[in-house]
Structure formats: C-alpha cells, structure tokens
2 protein chains.
Amino acid sequence: MPNTKSDSVAHGLDQSSLSHVLGYHLAQADVPIKKVFFKCIGQPLQLRPVEFTILMLLNSNENVTQKQLSQALAVSAPNITILLDRLAERGLVTRVRSETDRRSQHVLLTRKGAILARKAHEVSLTMEHEVLRHLSDGERAILFELLQKVARHRRV
Amino acid sequence: MPNTKSDSVAHGLDQSSLSHVLGYHLAQADVPIKKVFFKCIGQPLQLRPVEFTILMLLNSNENVTQKQLSQALAVSAPNITILLDRLAERGLVTRVRSETDRRSQHVLLTRKGAILARKAHEVSLTMEHEVLRHLSDGERAILFELLQKVARHRRV
DNA sequence: TATTGTTATACTCTATAACTATA
DNA sequence: TATAGTTATAGAGTATAACAATA
C-alpha cells in the first residue's frame, strides 16, 4: 500500500467525509475510464459512450425497440430519438416499424454500422487491459460482480 | 446466483458485448445511486452531487484553494468558478484571497454552509445503507477498495 | 384510456479560448 | 513566462410537457 499516511487523502485533500459514499468513488473511478475511452474509441471512432453502448447492444440483439434501449440505458425516450437520429444520419442504424405493433420501431445496424460495431468491440477488449492493468484477474471479476449487484438493484 | 439464465441479460437484452467494459458497469451502477442521492440529498437539501462533494471536502479541509478542488474533482477551473458562485449566492461558502499568494483564493464554509454540510453528511450515512443493503460489509469494503484502486490510477 | 415515439423547450454541464492579476 | 482565477461562448446532455399514431 503506497498511501501510508491515510487512504482518505488524495490531491492533498482529506476525503474522510466522503469515504463512505459509493457515488463519490464511482465518479472518481470514472475519470480515468472516460479518459481512456475517449483516447481509444471516442476520438478515433467518433463515438460517445452512449453511442458505443447502443452499437454493442444492437450488435448482440435483434428486434430491439427504442423502448427497450430507453429502459436498458436509463435514457429518456426523447433522448433516444435524438441519439438514433444522429446515428442514422451517419448511416450506422436504420429504423423499421414493427409489423406486430405499429407504434414501435425496431432499430437495426446497417452494414456500415455492423462493421463499426465490430471494430469498436475489438478495441474495447484491449482498452480494458489498460484501465484494469493494476487489478488481478480475480479482482476484476469481483469488481464487475459487485457493480452488477448494485446495478441490478434498480427498480424499473 | 439468482440469474440462472445468463448474467449478460438485463431488460430483455443480451449484454454480452458489454460484459467486459468497466465503464458500462459503472454507468449502470450509477443509475440507482443517482436516484437515491436525488431522493435523500439532492431534492431535500437542494444539492447536486458535485455541490455535495464540495461541501464535504470543505467540511474536512481548511485552506482549500479552487485549484485543489478543480484537480480533486476533475472539474475545469471555469466550472469550479461557476459552482462556487452559485454556492456563494446561497450564502454557503465564501472566498478569501490568500495572503501568501494573492493569485489564489481559499474557499471556506460559512456558518450556514457548515450546518448544511453537517446535515448532508448525516443523511449520506443512512443513504448508503439503502444503496448498499444488498451487499455484505465485506463486499462493501472490497468494492470501495477496488474502485479506489481504479481511481488512483489517474495521472494528474 | 394507455403506450410508442417525436417535437419543442429550457436548463444544466462541459470544454475552450481569451482575459486579469499576480508570481 | 507561468499560474490562479474569471468571463464569454458554444456544444452536448438531460428533463419535461405537448403531440401524433396506434393499441
């Protein structure tokens, strides 16, 4: 443990009032993660985190409706519309009205979108090595499991 | 393990393309956390997450400069200025120019700010029980330690 | 009457550059 | 010349309500 003085000190500030706050630690961990994402995927492939996530979900799911995306990502319906508009303008996705329920639309990857999605997925695999290189395999597994346990706790 | 079908399924979508992406799991875990924060602190005390964090840091540190806050929270200097302007308008903080380096300013809690900070801290302790009630004490400790390990990895 | 998706609006957050005052 | 902080501006994200089409 390099921080012999106190684990609650960082950037010269005592963080003891925040040491019990999970949201704070999530935000702190998110800083390097966003940085690495931007360098590896955001910048080179011109994808924001949400856009990357949408491509990944479309990549491994068929017949995805906007409603499903909205719920899975906790993004409001108007927001999903705007996000998909932008991806559609770039020729990455198309929307097809459902035959069984003509209110809803199925979102599909175009060929171009599928190629970008596969590329992004490849990069994401190596990106994670960079982010997590200070954790052992066991630690990574535990971290992921505990985060999912917190997330699963979502109502709705 | 309750999820016998597959750990990569949620909201009816296969998430296997994202199961290795730490940023995705952080974002998913952040959803219930933000919700609980808003209910317990954001709404009743009229504090955003960053504002809460600033109050906590000022609560346990003296002679904090805006530069330190900017670095610790990874928030840009202009952003810190605006955040502190708002807190100052509400009479929660004051800024005192440093005697030793007249470029920098020390940020202090007012009496009113200190009272709100103490209240927020109290609420945050009970709030965490709600967020983490599905984790054992050991799991909480491990989760916090691993998140800090990821966060500590920040350069700058 | 409820639901899916869209439009419109407004508000917040963030990033950047240009500026000041100090060092 | 570099740093701490401010101002100004534009871009991106988000939340809300009102609306259209369908169930």
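Naming: A, B, ... by sequence-line order, numbering from 1 per chain. None of these values were measured; they are calculated from a predicted model.
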Between B:Thr81 and D:dG5, is there a side-chain N or O to OP1/OP2 distance below 4.0 Å?
-> no
Taking OP1 and OP2 of C:dC13, is either one under 4.0 Å from a side-chain nitrogen or oxygen of B:Asn79?
->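 No, B:Asn79 has no side-chain N/O under 4.0 Å of OP1/OP2 on C:dC13.
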How many whole angstroms separate atom [atom1] of [X] from atom [atom2] of [N]?
X        : N      : atom1 : atom2 : value
A:Gln68  : C:dT4  : CD    : C1'   : 12 Å
B:Gln66  : D:dT6  : CD    : C1'   : 9 Å
A:Asp85  : C:dT7  : CG    : P     : 7 Å
A:Ile82  : C:dG5  : CD1   : P     : 15 Å
B:Leu69  : D:dT6  : CG    : P     : 11 Å
B:Glu51  : C:dT14 : CD    : P     : 11 Å
A:Gln105 : C:dT6  : CD    : C1'   : 10 Å
B:Asp30  : D:dG13 : CG    : P     : 16 Å

Any idea which of [options] is nearest the [X] side chain?
X        : options               : answer
B:Arg95  : C:dT6, D:dG13, D:dT6  : D:dT6
B:Pro78  : C:dG5, D:dT6, D:dG13  : D:dT6
A:Arg86  : C:dT14, D:dG13, D:dG5 : D:dG13
B:Ser104 : C:dT6, D:dA4, D:dG13  : D:dA4
B:Lys67  : D:dA23, D:dG5, C:dG5  : D:dG5

Is the closest basic N to carboxylate O distance between A:Arg140 and A:Glu128 below 4.0 Å?
->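 Here A:Arg140 does not pair with A:Glu128 in a salt bridge, since their nearest N and O are not under 4.0 Å apart.
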Salt bridge flag under 4.0 Å for residues B:Asp85 and B:Arg90 =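 B:Arg90 and B:Asp85: not salt-bridged.
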Looking at side-chain heavy atoms only, is the closest gap between B:Gln28 and A:Leu147 below 4.5 Å?
-> no
Please tell me if the side chains of B:His121 and A:His20 come closer than 4.5 Å, counting only heavy atoms from C-beta onward.
-> yes
Pairwise 5' ranking along DNA chain C for B:Arg102 and A:Asp101, keeping only the more 5' one |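 In this pair, the answer is A:Asp101.
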Starting at the 5' end of DNA chain C, which residue's closest nucleotide do you reach first, B:Val75 or A:Arg103?
->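 First, find each residue's nearest nucleotide; the 5'-ward one identifies A:Arg103.
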Minimal non-hydrogen separation, A:Val75 against A:Ser70, with atom names | O-OG, 2.6 Å
When A:Arg48 and A:Glu99 are each assigned the nearest nucleotide of DNA chain D, the 5'-most assignment goes to A:Arg48
